[in-house]
Student: 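I am attaching a structure below and will ask some questions about it afterwards.
Below, each value reflects all heavy atoms present in this structure, side chains not excepted, and no hydrogens, waters or symmetry copies. These figures come from a predicted structure and were not determined experimentally. So you know, we letter chains A, B, ... as the sequences are listed, proteins then strands, and number each from 1.
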2 protein chains.
Amino acid sequence: MKRVTINDIAKELKVTPSTVSRALAGNTRVSVKTRELVAAKAKEMGYQQNVIASALRKGKSDTIGMVVPRINRHFFSHVISGVEEILNPAGYSLVICQSGESFLKEQKAIDMLLANQVGGIIISLSEKTKCFDHLQKLVDRNIPLVQFDRVHNEISCSKILNDNFNGAYLATKHLIKSGYKRIGHVGGSQSLKAYRERYLGYSKAIEEEGLPVDSALVYTDAITRESGYNTAIKALSSVKPDALFCAGDYCALGVIDALKEKNISVPDEFGVVGFANEPFAELMAPTLSSVEQNGFEMGTRVASAMIKDIEGKYKEEVEVIPTRLIVRESSWNK
Amino acid sequence: MKRVTINDIAKELKVTPSTVSRALAGNTRVSVKTRELVAAKAKEMGYQQNVIASALRKGKSDTIGMVVPRINRHFFSHVISGVEEILNPAGYSLVICQSGESFLKEQKAIDMLLANQVGGIIISLSEKTKCFDHLQKLVDRNIPLVQFDRVHNEISCSKILNDNFNGAYLATKHLIKSGYKRIGHVGGSQSLKAYRERYLGYSKAIEEEGLPVDSALVYTDAITRESGYNTAIKALSSVKPDALFCAGDYCALGVIDALKEKNISVPDEFGVVGFANEPFAELMAPTLSSVEQNGFEMGTRVASAMIKDIEGKYKEEVEVIPTRLIVRESSWNK
DNA sequence: GCGAAGTGTGCAAACGATTGTATTTTTGTA
DNA sequence: TACAAAAATACAATCGTTTGCACACTTCGC
C-alpha cells in the first residue's frame with residue numbers, strides 16, 4: 001500500500017503540487033475554495049504529510065529533542081510530562097534521550113538529535129559533564145536551546161531553574177530548629193550549579209544560626225543510594241554528625257540504610273532530609289522529609305521557553321520555580 | 001556555519017558524491033584506498049550524515065519508535081534501558097512516546113512515528129486500547145513491529161512476554177500457604193492479555209487448593225493507587241476478603257492505604273501481594289510482597305527481536321521472560 | 001478601454017543522500 | 001600488443017516538500 005503524497009492529490013484535483021502544498025499550509029495566496037477542496041481531498045485519500053521530506057527541504061523539523069540523565073527519576077519524568085503537555089498541542093513532537101549520567105552518552109545524544117535536524121534541544125546536564133563545547137556548538141549553529149535544573153550558566157540560552165538555594169536553606173534551617181547540632185551535607189557534583197546552590201543554601205542556614213561551618217561535614221561525591229550509604233558509614237566513624245541534609249532522596253535512602261545498620265534511631269538520634277520528594281519518600285519507614293520540586297510546572301515553562309525561542313520571540317529567559325519543604329518522620333524530632 | 005555534505009567532500013576530493021556515499025557506507029565497489037581517503041576527509045571536515053535526507057531517499061530510517069503507557073514506571077523505564085543497551089550499539093536510535101494509558105494518544109504517537117518514517121515500532125499497549133486497527137496498519141504496511149508485556153495476540157508480530165501466569169500463580173499459592181482463606185484479586189483491564197493471565201494464574205492456584213472460586217472476590221477495573229483504595233473499601237464492606245493479590249504495586253499500595261484507614265493489620269489480619277516490584281515496594285511500611293519482572297532483560301530481547309525483524313531474519317518470535325515472587329512483610333503471616 | 005494593481009496558479013529548482021546504469025580505467029592473458 | 005573481463009568511478013534520476021519567480025487572469029480607476 002503506497003503512501004499518498006501531495007502529487008497524488010494534485011493529480012486528482014488537476015492542480016500542481018505547489019498549490020496543494022500551499023493549500024495545506026493555509027497559505028492565503030491560494031483561494032479559500034481551492035484550500036477547502038484540497039483539504040477535503042487530502043482527508044478522503046488519507047494523506048499524511050511526510051515530515052521527513054518537509055524537514056529536508058526546510059532544513060529543520062517540528063521535533064524537539066530532550067536529553068535528561070534518567071527518565072525514571074520522579075522529577076525528570078514529571079518535567080517530561082509537562083513539556084509534552086505544551087509541546088504536543090502546539091504541533092511539536094518530542095524525542096527523549098537518556099544520558100545515564102554519562103558525558104559520552106550526552107554528547108552522542110546531541111549528535112543524534114542534530115543528525116535528525118531537530119528544531120530545538122532541551123537538556124538537563126549529566127552529573128559528569130564538565131566540558132560544555134557540545135552546548136556551545138548548538139548556540140553557534142543557532143539551534144534553539146533550553147537548559148533546565150542542571151544548567152551551565154556560561155551558555156547563552158533560556159534556563160529554567162529550581163529554587164535550590166531556598167529549598168536547601170529551608171531544609172537545613174528546619175534541621176537546626178529540630179535541635180540537631182552537627183548537621184552535615186551530602187551533596188552532588190559541585191560543577192553543577194544546582195548542587196552548588198544546595199550547598200550554599202545549606203551553609204547560609206548554618207552560618208545564620210551561628211553554628212560552626214565545618215567543611216569536614218560536607219561531602220560532594222555523588223548522590224546515589226550507594227554513595228549515600230558509604231558517606232554515612234564514613235562520617236559516622238569520623239566526624240560524627242547527628243543530622244545530614246542530602247542533595248537527593250536516593251542518597252538520603254542510602255544514609256538511612258547505614259543508620260539502620262548501625263542501629264541509630266531516626267529521627268531520635270539522627271535527622272535526615274532529602275531532596276526531590278521521590279514517590280518512595282512518603283512510603284518508606286521512616287517516611288523521608290524532602291524538598292519538593294514542581295517538575296510538571298517546570299516542564300511547561302521549559303516548553304514555553306522553547307517555543308518562544310523557535311518563534312524568535314526571545315532567547316534568554318531565566319525563570320526560577322519555587323521549591324517546598326515537606327517535613328516527615330525522618331526529621332521530626334519531637 | 002554551514003553543515004558539511006557529501007558534495008563538499010566530493011568536491012575536495014575531486015570525486016562524485018556517489019563515490020563518497022558508497023565509500024562512507026563501506027561499499028566494496030569503491031577501492032579501499034578511496035574509502036580511506038573519504039573517511040579521513042569526512043573526519044577532517046567534521047562531516048555528519050544527514051539522516052533526514054537518507055531516510056527520505058531510502059524510505060525508512062534507523063530510528064526506532066517506542067510507545068509505552070508511562071515512562072516513570074519502574075518496569076517500563078527498565079525495559080527502555082534494556083532496549084537502548086542493544087539498539088544504540090547496533091546503530092539505531094530510539095524515540096520514546098508515552099500514551100499515558102490513553103488510546104487516542106497511543107494512536108497519535110504511532111501516526112507521529114509513521115510520519116517520521118521510523119524503521120520499526122515497539123509497543124506496550126495502553127490499558128484502554130480495545131481496538132487494534134492502528135497495529136494492523138503497521139503490519140499491513142510492512143513496518144517491523146514488536147509488542148511486549150501488554151500485547152494483543154491477533155496481531156502478527158514478535159511478542160515478548162512476562163510470565164504473568166506463573167507469577168500470579170506463585171503469588172496466590174503463597175497467600176494460601178500463609179493461611180489466608182478468602183483471597184481476592186484486584187486485576188487490570190481484561191482486554192489485555194497480561195492482566196487476563198494474572199487472573200488465570202490466580203484462579204488456577206485457588207482451584208488447585210480446593211478453595212471456592214468466588215467471582216465476587218475478583219475486581220478488574222483499573223490498577224491505580226486510587227482504584228486499589230476504592231476497591232478495598234468496597235470489598236471490606238461487602239465480601240470481606242482476608243487477602244488480596246493485586247495485579248500492580250500501585251494498586252496494592254491503595255489497598256494498604258484502605259487497610260490502614262480501617263485499622264486492619266497487615267499481614268496479621270490481611271495479606272497483600274502486588275505485581276511489578278516497584279522500587280517503593282521494599283521501602284514502604286509494611287514492605288510489599290511483589291512479583292518481580294525483569295524489565296531490563298525484556299528490553300534486550302525486545303530490541304533483538306526488532307533488529308531481527310528489520311533485517312528480515314524472521315517476524316514472529318514469542319518469548320516469555322520468567323517472573324519471580326519476592327516475599328516481604330505484607331504477606332508474611334508468621 | 002488601457003495600464004496598474006491584485007489574485008490565484010504553475011514552473012522548476014532546491015534540500016542531501018542513494019542507487020541502477022553507463023562509462024572509464026585497470027588488470028590479466030593469449 | 002591487443003582485447004576481454006574485472007574493478008573503480010561517474011552520471012543522473014529519485015525520494016516528497018517547499019518556495020522564489022514567472023505567468024495568466026481579474027478588477028479597478030481614470
Student: Taking only heavy atoms on the protein side, list every residue of residues 44-56 of chain B lying under 4.0 Å from any atom of DNA chain D, sorted numerically.
Tutor: B/L56
Student: Per the salt bridge (Lys or Arg N to Asp or Glu O under 4.0 Å) rule, what does the pair list look like for residues 59-87 of chain A, sequence neighbours excluded?
Tutor: none
Student: OP1 or OP2 of D/dA8 sitting under 4.0 Å from any side-chain N/O of B/T34?
Tutor: no
Student: Less than 4.5 Å apart, side chain to side chain, heavy atoms only: is that true for A/T129 and A/H152?
Tutor: no
Student: When you compare the protein's N or O atoms with those of nucleotides 4-6 of chain D, which come within less than 3.5 Å of each other, and at what distance?
Tutor:
none

Student: Measure the shortest side-chain to side-chain distance between A/I155 and A/Q136 over non-hydrogen atoms and say whether it is less than 4.5 angstrom.
Tutor: yes
Student: Using only atom types and a distance under 3.5 Å, with no angle test, would you say the side chain of A/K128 pairs donor to acceptor with the backbone of A/E101?
Tutor: yes
Student: Any side-chain to backbone donor/acceptor pair from A/S61 onto A/Q117? Under 3.5 Å, distance only.
Tutor: yes
Student: At under 4.0 Å, does any side-chain N or O of A/T19 touch on OP1 or OP2 of C/dG10?
Tutor: yes
Student: Is a side-chain donor or acceptor of A/S124 paired with a backbone partner of A/F148 at a separation under 3.5 angstrom?
Tutor: yes
Student: Could you check whether any side-chain heavy atom of B/I307 comes within less than 4.5 Å of a side-chain heavy atom of B/L87, counting everything from C-beta outward?
Tutor: yes
Student: Is a side-chain N or O of B/E106 found less than 3.5 angstrom from the main chain of B/S126, in a donor-acceptor match?
Tutor: yes
Student: I want to check one thing: is the phosphate of D/dA12, taken as OP1 and OP2, less than 4.0 Å away from some side-chain N or O of B/S18?
Tutor: no
Student: Got a second to check how far A/F75's CZ is from B/N72's CG, nearest 0.5 Å?
Tutor: 13.5 Å
Student: Does the side chain of B/N116 come within less than 4.5 Å of B/M112's, by heavy atoms?
Tutor: yes
Student: May I have the distance from B/R57 (atom CZ) to D/dG16 (atom P), rounded to whole angstrom?
Tutor: 10 Å
Student: Should B/T16 be listed as having a side-chain N or O under 4.0 Å from OP1 or OP2 of D/dA10?
Tutor: yes
Student: To the nearest Å, how far apart are A/I6 CD1 and C/dG10 P?
Tutor: 12 Å
Student: Please report, rounded to the nearest Å, how far the C1' atom of C/dT21 is from the CG atom of B/N27.
Tutor: 14 Å
Student: Is the shortest heavy-atom distance from the side chain of A/Q293 to the side chain of A/M298 under 4.5 Å?
Tutor: no
Student: Taking five pairs at each end, how big is the angle between the two axes of the helix from C/dG1-D/dC30 to C/dA30-D/dT1, to 10°?
Tutor: 50°
Student: Using 30° and 60° as the class boundaries, would you call the ring planes of A/H134 and A/F132 parallel, tilted or perpendicular?
Tutor: parallel
Student: I want to check something: taking the side chain as every heavy atom from C-beta on, are A/Y47 and A/K41 in contact at a cut-off of under 4.5 Å?
Tutor: no
Student: Over how many whole Å does the gap from B/K58 atom NZ to D/dG16 atom C1' extend?
Tutor: 17 Å
Student: Side chains of A/K308 and A/S158, heavy atoms from C-beta outward: is any pair under 4.5 Å?
Tutor: no
Student: Side chains of A/Q147 and A/C157, heavy atoms from C-beta outward: is any pair under 4.5 Å?
Tutor: yes
Student: What string of B, S and - do you get for nucleotides 21-27 of chain D, 5' to 3', if B is base contact, S is sugar-phosphate-only contact and - is no contact with any protein heavy atom under 4.0 Å?
Tutor: BB-----
Student: Closest-nucleotide mapping onto DNA chain C: is B/S21 or A/T28 further toward the 5' terminus? I mean the 5' end.
Tutor: A/T28
Student: Is there a donor in the side chain of A/T16 and an acceptor in the side chain of A/T19, or the other way round, less than 3.5 Å apart?
Tutor: yes
Student: For B/K14, which contact category applies under a 4.0 Å heavy-atom criterion: base, sugar-phosphate, or nothing?
Tutor: sugar-phosphate
Student: Would you kindly give the CG-to-C1' distance between A/L24 and D/dT19, to the nearest whole Å?
Tutor: 15 Å
Student: Once you round it to whole Å, what is the distance between P of C/dG10 and CG of A/N7?
Tutor: 13 Å
Student: Could you list by number each residue of residues 110-120 of chain A showing a heavy-atom separation from DNA chain D of less than 4.0 Å, or answer none if no residue does?
Tutor: none
Student: NZ of A/K11 versus C1' of D/dG16: gap in Å, rounded?
Tutor: 12 Å
Student: Given side chain to side chain contact (heavy atoms under 4.5 Å, CB included), test A/T63 with A/S93 step by step and report yes or no.
Tutor: CA-CA 5 Å; A/T63 298; A/S93 48; 3.6 Å; yes
Student: What is the distance, to the nearest angstrom, from the CZ atom on B/R35 to the P atom on D/dT9?
Tutor: 10 Å
